[in-house]
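Reading through the structure tokens given below for one structure.
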Amino acid sequence: MSRLPRNFYAQHTLEVATELLGKVLVVYRQGIRLSGEILEVEAYTGTDDPASHAFRGPTPRNQPMFSTPGHTYVYFTYGMHHCVNVVAHDNNGPGAVLIRAVRPLEGLDLMQTRRKNKPFSQLTNGPAKLCQAFQLDRQDTNIDLVTSDEIWIEDQGKRFLPEEMKATPRIGISTAMEKEWRFIVL
DNA sequence: TGAATGATCACG
DNA sequence: GTGATCATTCAT
């Protein structure tokens, strides 16, 4: 159960994205540990990526994407949903990896309550759904996953073979559909 | 297939 | 200040 170190996040955004599959997102609050195995991610970079929030340069919202690798970037969208990213880049940024789905491991009862008693298969199978289950919002943006005592990512030794993973176009975007920067576990 | 629902940002 | 857009979810 080792927490991912800074140098894990300080690699190319695409590299971090694929390596995050199988890692475990942990939120520890009020004595309760919530966790889930990451099964789906998307990479977003900068001026080479029109679909990225950082494409047109830094703004108050996307500022975490330009900061030190290993921070969170949580944004609010569609007037009702939150999504959580991991800041990752090997230069001075920007770059982040959107966590789109996890497999619940710990804290399923609390997750199910927060998800309005949806079946287990639908607790964390979407970027805004998992933020509901883990109760992540804008207060949780720009948190350092390397040093925080509330949010971090662990390597529990899980590895996927190349044939167990797949790259596809990203979901819900209107540009850069040719980039296959969504990575899923089959 | 479309409604919900409001922050964000480019523009001027 | 205004309007188009939005890295989504859910019910119809």
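Since this is a predicted model, take the numbers as computed values, not measurements.
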- Note on the structure: Between Val146(A) and Leu4(A), the two heavy atoms sitting closest are CG2-O, 4.2 Å
Students often get this wrong, so: under 4.0 angstrom with heavy atoms, is [X] touching a base, only sugar-phosphate, or nothing?
| X | answer |
| --- | --- |
| Arg170(A) | nothing |
| Ala51(A) | base |
| Lys118(A) | sugar-phosphate |

- What is the ring orientation for Tyr28(A) with Trp152(A), classed by angle as parallel under 30°, tilted 30 to 60°, or perpendicular over 60°? tilted
- Message: Is the base of dG6(B) stacked against the aromatic ring of Tyr78(A), taking ring centres under 5.5 Å apart and planes under 30° as the test?
- Response: no
- Measure from the side chain of Arg61(A), starting at C-beta and using heavy atoms only, and say which of dT8(B), dT9(C), dA10(B) lies closest. dT8(B)
- Task: Looking only at side-chain atoms of Thr59(A), point me to the closest of dC9(B), dA7(B), dA7(C).
- Result: dC9(B)
- Heavy-atom check, side chain of Leu25(A) versus side chain of Val86(A), under 4.5 Å: no
- Query: Mapping Gln132(A) and Ser174(A) to their closest nucleotides on DNA chain C, which lands nearer the 5' end?
  - Reply: Ser174(A)
- Please determine, by modelled atom types, if Arg114(A) and Gln132(A) share a side-chain donor-acceptor pair under 3.5 angstrom. no
- Message: Can you list, in residue-number order, the parts of residues 86-99 of chain A that come under 4.0 Å of DNA chain C, counting heavy atoms only?
- Response: Leu98(A)
- Applying side chain to side chain contact (heavy atoms under 4.5 Å, CB included), run through Asp144(A) and His71(A) and close with a yes or a no. CA-CA 4 Å; Asp144(A) 190 350; His71(A) 284 71; 3.7 Å; yes
- Message: Looking at Lys129(A), I'd like to know whether one of its side-chain N or O atoms comes within less than 4.0 Å of OP1 or OP2 on dC10(C).
- Response: yes
- Do the side-chain N or O atoms of Arg115(A) get closer than 4.0 angstrom to the phosphate oxygens (OP1, OP2) of dC10(C)? yes
